[in-house]
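Before any comments, here is the structure.
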There are 2 protein chains.
Amino acid sequence: MFEEDARNTLIKHGLKVTPQRLAVLETLRSMNTHPSTDTITGVIREKYPHIATGTVYKILETFVEKGMIKRVTSDRDIMRFDARTEPHHHLYTAQSGQITDYFDDELTRMLEDYFRKKQIPGFHLEEIRLQLVGNFTDTGTDDEQGHDSRHHK
Amino acid sequence: MFEEDARNTLIKHGLKVTPQRLAVLETLRSMNTHPSTDTITGVIREKYPHIATGTVYKILETFVEKGMIKRVTSDRDIMRFDARTEPHHHLYTAQSGQITDYFDDELTRMLEDYFRKKQIPGFHLEEIRLQLVGNFTDTGTDDEQGHDSRHHK
DNA sequence: ATATTAAATGATAATAATTCTTAAATAAGA
DNA sequence: TCTTATTTAAGAATTATTATCATTTAATAT
């Protein structure tokens with residue numbers, strides 16, 4: 001899934017390798033549910049019960065600054081994070097507050113082409129994010145968590 | 001700008017007409033800066049000093065439930081609101097945390113066409129939101145507030 | 001391997017945003 | 001006008017996030 005292991009990613013970005021940072025990065029990479037800080041902390045504590053809340057916050061902020069992860073904006077007040085850095089979009093559902101990755105290269109290309117041709121006056125575009133809001137029409141037979149619709153076409 | 005006055009909008013949605021609700025809706029409609037709850041409260045208090053913080057929160061939530069306004073998700077932790085219900089997109093800038101409306105019918109049509117043709121399996125799409133992240137390249141001569149780039153083409 | 005040093009962590013306090021609670025006030029309809 | 005269900009005000013409570021600072025630790029040079 002990820003080109004390099006967490007340890008190398010940290011080194012590449014000039015960060016000290018600590019067990020806490022490894023735990024945060026590996027946890028985030030292993031989840032496709034765009035967890036909140038609180039969820040990440042909870043998962044880590046199963047294996048590493050002593051990590052402090054503030055540490056997780058600080059680590060996540062460092063990672064965002066370095067561009068290793070992204071903040072995903074949810075409708076509610078909680079920050080969510082995404083370890084995937086390839087261009088992709090997000091499916092949002094109000095029902096459960098779930099955020100699911102949506103990979104669609106054709107769509108990404110179409111949007112990039114569009115804005116390559118049409119400049120927005122007075123604005124330098126750096127990133128295009130699409131939020132697709134709706135509901136899952138599932139028959140509900142698969143597991144609760146991890147709506148892993150990685151629609152890579 | 002808006003088809004009907006605030007009073008009628010409230011009645012149409014089965015809400016009692018109170019001065020507080022009128023103030024919130026009119027304030028929000030008069031601003032194109034996607035204010036936070038705190039900003040809205042501040043503006044209202046200039047004319048109506050007694051409104052309670054909790055009241056503004058409750059009113060905004062009621063409006064969102066009724067579909068009269070929308071939540072706009074910012075990268076940070078504060079909720080922002082938008083009184084415009086026509087399809088449009090948003091320009092986000094990290095510099096100042098500004099959120100600006102971006103109207104582009106061609107773009108909206110292109111996205112609608114795209115998803116009319118291509119269904120996302122297991123997902124019923126209700127709304128398409130585009131966040132255009134970047135920086136304003138302004139020469140900085142115009143007023144601080146209200147980057148009202150309503151690029152209606 | 002050890003010492004050095006800058007950086008990271010843990011614990012906790014502080015702040016900020018939002019929600020909850022309840023009594024008092026008020027809008028809408030009889 | 002009177003009645004009643006809603007709404008508001010005020011402040012307490014909760015939750016998310018950030019800041020502080022003493023202690024610990026990773027990386028580097030010895």
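Residue numbers start from 1 in every chain, and the chains themselves are labelled A, B, ... in the order their sequence lines are given, proteins ahead of strands.
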Whole angstrom is fine here: how far is it from [atom1] in [X] over to [atom2] in [N]?
{"X": "B/Asp38", "N": "C/dT15", "atom1": "CG", "atom2": "C1'", "value": "13 Å"}
{"X": "B/Lys58", "N": "C/dT26", "atom1": "NZ", "atom2": "C1'", "value": "14 Å"}
{"X": "A/Ile11", "N": "C/dA7", "atom1": "CD1", "atom2": "C1'", "value": "16 Å"}
{"X": "A/Ile59", "N": "D/dT25", "atom1": "CD1", "atom2": "P", "value": "14 Å"}
{"X": "B/Glu61", "N": "C/dT19", "atom1": "CD", "atom2": "C1'", "value": "9 Å"}
{"X": "A/His50", "N": "D/dT23", "atom1": "NE2", "atom2": "C1'", "value": "15 Å"}
{"X": "B/Ile51", "N": "C/dA24", "atom1": "CD1", "atom2": "P", "value": "21 Å"}
{"X": "A/Arg71", "N": "D/dT18", "atom1": "CZ", "atom2": "P", "value": "7 Å"}

Is there side-chain contact between A/Phe123 and B/Thr100, with heavy atoms separated by less than 4.5 Å?
no
Check whether any side-chain heavy atom of B/Arg29 sits under 4.5 Å from a side-chain heavy atom of B/Thr9, and report yes or no.
yes
Below the 4.0 Å mark, does [N] have OP1 or OP2 next to a side-chain nitrogen or oxygen of [X]?
{"X": "B/Tyr48", "N": "D/dA9", "result": "yes"}
{"X": "A/Thr18", "N": "D/dT25", "result": "no"}
{"X": "A/Tyr57", "N": "D/dT17", "result": "yes"}

May I ask you to decide if B/Ile99's main-chain N or O and B/His34's side chain share a donor-acceptor pair within less than 3.5 Å?
yes
For B/Arg21 and B/Lys16, indicate whether the former's side chain and the latter's backbone hold a donor-acceptor pair under 3.5 Å.
yes
Between B/Gln20 and A/Pro19, the residue closer to the 5' end of DNA chain D by nearest nucleotide is B/Gln20
Nearest to the side chain of B/Arg21, which nucleotide is it out of D/dT7, C/dT9, C/dT19?
D/dT7
Minimum-distance nucleotide (side-chain atoms of B/Lys16 versus D/dA9, D/dT7, C/dG10):
D/dT7
Should the pair A/Lys47-A/Glu26 be classified as a salt bridge under the 4.0 Å nitrogen-to-oxygen rule?
no
